[in-house]
Student: 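Before we start, here is the structure in question, set down as C-alpha cells.
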Amino acid sequence: MMESTPNEVTALYGGPATRRVRTRDLIAAKERGERWSMLTSYDQYTASIFDAAGIPALLVGDSAANNVFGYETTLPVTVDELLPLVRAVVRATRQTLVVGDLPFGSYEEGPTQALRTAVRFMKEGGCHAVKLEGGRHYAAQIEAIVGAGIPVMAHIGFTPQREHTLGGYRVQGRGDAADDVLADAWAVAEAGAFAVVLEMVLGEVAKRVTAELPIPTVGIGAGPDTDAQVLVWQDMAGLRTGKAPRFVKRYAELAGTLTDATRRFADEVRGGEFPAAEHTF
Ligand SMILES: Nc1nc(=O)c2c([nH]1)NC[C@@H]1CN(c3ccc(C(=O)N[C@@H](CCC(=O)O)C(=O)O)cc3)CN21
Ligand SMILES: CC(C)C(=O)C(=O)O
Ligand SMILES: [Mg+2]
C-alpha cells in the first residue's frame, strides 16, 4: 500500500509535488514558518528513497570523503571524485533540490576559481545549487557564483575544511564568538546566498541568526530553532559504525541489519542452502 500521509515536499508546495523544489520554495517555507529537512546522499538508491520520502533538499557533501572514500578528514576529496556522485544523485531524483558541496581547494583562491568550480558542478554534475564553507572571508566567492545565476548555500560555524585552524570538532559561537557567527551569517546573506548551514553553533546563537536572517538556516548540531535540519545519512540511518557526534539521532540501525543479512548469506552459502531451486535456471 502506498503511504498517504503528506511528506515534506507536499508541505513545501502546499499540495502534491508536481515539479522539483526550487530555492524560492525553501525561502517561502521560512516565511510560512515551515520546517524542512535535508540529508546527504552520494548514490542512486539512497537518493531515490530520500526523494520519494519527501526530503526537499539533498546534499552531495564533501563528507563523501569520510563516508564514501574512507578518508580521515574532508580535505583530500576532489572535484573529480565528487562530480560522478552528484550526477548519480541528480539522475535518481525527481522532486528534490540537489546541492553539490564544493570541496577543499576548489574555491579558496578567489572568485574566479570559485565560479569556475561552481560552473563545473552545474554543467558536469547537473546539480541545482552549490555549497561552500565560509562566511565573511568568502563573500566575494558567493557574489561571483550568485552573479552567474548559480544558487549558493553557505556554511558557517564549525566548518570541517578548516578543522586544523579551528582546533578540531568544536562548538562555535561561545562568548564573543557569537558576534563572529552573526557577522558571517549577515555577510553570506548580503552576498546573495539562498540558505546557510549552521554547524555546531550554540543553540541560542543559531536561534538569533534564524530570527534575524531573511534566508533559511539549516542546522547540524545547532539546536531546535533553525529553519531546517541536515544530517549525514549514514549517521541518521545508523550505517556508520563507531562513535557519532552528539548531535546525531539514529532513526534506524542499518549496520546491524546489514551485518545480520551478510552473516546469513555467508552461512547459507557455506551450508548449501543458497542458491535454492527457485534461484536456479
Ligand atoms: N559521518 C559524518 N557525519 C558528519 O556529521 C560529518 C562527517 N561525517 N564528515 C564531515 C563533517 C565532520 N563533522 C563532524 C565530525 C565529528 C564531530 C564530533 O566528533 N563531535 C563530537 C565532539 C564535539 C566537541 O568536542 O565539542 C561530539 O560529541 O559531537 C562533529 C562533526 C560533521 N560532518
Ligand atoms: C554536514 C553537511 C552540512 C556537509 O557539509 C557535508 O555533509 O559535507
Ligand atoms: Mg560539507
Side-chain angles (χ1 to χ4, degrees), residues 38-43 58-89 98-122 124-125 127 129-142 144-145 150 152-173 177 180-181 184 187-188 193 196-201 218-222 230-236 239-248:
M38 181 160 101
L39 284 170
T40 66
S41 178
Y42 318 98
D43 72 284
L58 291 179
L59 174 67
V60 184
D62 65 334
S63 56
N66 313 113
N67 304 307
V68 174
F69 297 112
Y71 295 122
E72 195 76 38
T73 71
T74 56
L75 303 194
V77 78
T78 64
V79 172
D80 290 322
E81 285 173 316
L82 289 180
L83 283 178
L85 312 186
V86 174
R87 277 198 294 277
V89 169
V98 179
V99 182
D101 208 5
L102 305 189
F104 180 64
S106 74
Y107 60 93
E108 294 86 340
E109 289 171 29
T112 306
Q113 188 204 19
L115 179 54
R116 193 184 309 126
T117 304
V119 167
R120 279 196 71 190
F121 268 70
M122 302 302 280
E124 298 173 44
C127 53
V130 300
K131 175 172 136 332
L132 60 80
E133 290 184 11
R136 282 162 291 179
H137 307 300
Y138 291 92
Q141 275 86 337
I142 295 170
I145 299 169
I150 302 169
V152 175
M153 178 177 283
H155 181 162
I156 65 173
F158 174 69
T159 44
Q161 295 174 14
R162 299 178 83 83
E163 69 156 272
H164 299 294
T165 287
L166 297 175
Y169 302 133
R170 298 173 61 194
V171 172
Q172 308 292 307
D180 292 328
V181 174
D184 282 336
V188 300
V196 57
V197 171
L198 307 180
E199 180 163 353
M200 286 213 285
V201 168
V218 185
I220 173 165
V230 59
L231 285 176
V232 167
W233 87 260
Q234 291 97 336
D235 297 348
M236 182 279 297
L239 183 60
R240 186 233 300 246
T241 53
K243 193 177 172 295
R246 189 160 77 93
F247 55 72
V248 168

Student: Is there side-chain contact between L231 and L39, with heavy atoms separated by less than 4.5 Å?
Tutor: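 When only atoms from C-beta onward are counted, L39 and L231 do touch, with a gap below 4.5 Å.
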Student: Which pair of heavy atoms, one from A193 and one from I142, lies closest together, and at what distance?
Tutor: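 Shortest heavy-atom contact: N-CG2, 3.9 Å.
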Student: Distance-only, no hydrogens or angles: does the D101 side chain make a donor-acceptor pair with backbone N or O of G61 under 3.5 Å?
Tutor: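 No; zero donor-acceptor contacts below 3.5 Å.
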Student: Looking at Q172 and R170, would you say the former's side chain and the latter's main chain have a donor-acceptor pair under 3.5 Å?
Tutor: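 Yes, Q172 side chain to R170 backbone: donor-acceptor pair under 3.5 Å.
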Student: Just so I know, are the side chains of I156 and L198 near enough to count as touching, which here means a heavy-atom distance under 4.5 Å?
Tutor: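 In contact.
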Student: Between R136 and D180, is there a side-chain N and carboxylate O pair less than 4.0 Å apart?
Tutor: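 A salt bridge is present here (some side-chain N lies under 4.0 Å from a carboxylate O).
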Student: Is any side-chain heavy atom of V197 closer than 4.5 Å to a side-chain heavy atom of M153?
Tutor: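 Side-chain contact under 4.5 Å: yes.
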Student: Spell out, as yes or no, whether a donor-acceptor pair under 3.5 Å connects the side chain of S63 to the backbone of N66.
Tutor: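 No; judged by distance alone, with no hydrogens or angles, the pair does not exist.
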Student: Donor-acceptor check, side chain of Q141 to backbone of Y107, threshold 3.5 angstrom: yes or no?
Tutor: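 The answer is yes, because a donor-acceptor pair under 3.5 Å joins these two groups.
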Student: Would you say the side-chain atoms of Q113 pair up with the backbone N or O of G105, donor to acceptor, closer than 3.5 Å?
Tutor: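 The answer is yes, because a donor-acceptor pair under 3.5 Å joins these two groups.
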Student: Looking at P111 and A144, what are the two nearest heavy atoms and their distance?
Tutor: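 Shortest heavy-atom contact: CB-CB, 3.6 Å.
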Student: When rounded to the nearest 0.5 angstrom, what distance separates CD in E163 from OG1 in T73?
Tutor: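 Output value for this atom pair is 5.5 Å.
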Student: Keeping T117 on the side-chain end and S106 on the backbone end, is there a donor-acceptor pair under 3.5 Å?
Tutor: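 Such a contact is found between T117 side chain and S106 backbone.
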Student: Measuring only between side-chain heavy atoms, which start at C-beta, is P103 closer than 4.5 Å to V79?
Tutor: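 When only atoms from C-beta onward are counted, V79 and P103 do touch, with a gap below 4.5 Å.
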Student: What heavy-atom pair brings V86 and C127 nearest, and what distance separates the two atoms?
Tutor: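 Minimum heavy-atom contact is CG1-CB, 3.7 Å.
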Student: Give me the atom names and distance for the closest heavy-atom approach of P84 to E81.
Tutor: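 Closest heavy-atom pair between P84 and E81: CD-O, 3.4 Å.
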Student: Decide yes or no for V98 and F121: does some side-chain heavy atom of the first lie under 4.5 Å from some side-chain heavy atom of the second?
Tutor: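 Not touching, per the 4.5 Å side-chain cut-off.
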Student: Taking all non-hydrogen atoms of both residues into account, name the closest pair between S41 and D43 and its distance.
Tutor: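 Shortest heavy-atom separation between S41 and D43 comes out as OG-O, 3.4 Å.
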Student: I need the R162 CZ to H155 NE2 distance, nearest 0.5 Å.
Tutor: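 Rounded to the nearest 0.5 Å, the CZ-NE2 separation comes out at 11.5 Å.
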Student: Check each of V130, L83, L82 against R120 using the side-chain contact (heavy atoms from CB on, under 4.5 Å) test, and report the only one that passes.
Tutor: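 Looking at V130, L83, L82, the match for R120 under the side-chain contact (heavy atoms from CB on, under 4.5 Å) is L83.
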Student: To the nearest 0.5 Å, what is the distance between OG1 on T74 and CD on Q161?
Tutor: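 Answer for the OG1-CD pair, T74 versus Q161, is 5.0 Å.
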Student: Carefully, step by step, assess E133 and D62 under the rule side chain to side chain contact (heavy atoms under 4.5 Å, CB included).
Tutor: CA-CA 10 Å; E133 290 184 11; D62 65 334; 3.9 Å; yes
Student: Nearest 0.5 Å please: distance from the CG atom of L102 over to the CG atom of L132.
Tutor: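 If I round to the nearest 0.5 Å, the distance is 5.5 Å.
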Student: What are the two closest non-hydrogen atoms of V188 and G134, and how far apart are they?
Tutor: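 Nearest pair, atom of V188 first, then G134: CG1-O, 3.4 Å.
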Student: What's the separation between atom CH2 in W233 and atom CG in L58, rounded to the nearest 0.5 Å?
Tutor: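 It is 12.0 Å, given to the nearest 0.5 Å.
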Student: CZ of F104 to OG1 of T159: how many Å apart, nearest 0.5 Å?
Tutor: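 The OG1 atom of T159 is 10.5 Å from CZ of F104, to the nearest 0.5 Å.
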Student: Any side-chain heavy-atom pair from P160 and E199 closer than 4.5 angstrom?
Tutor: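 Yes, close enough: below the 4.5 Å cut-off.
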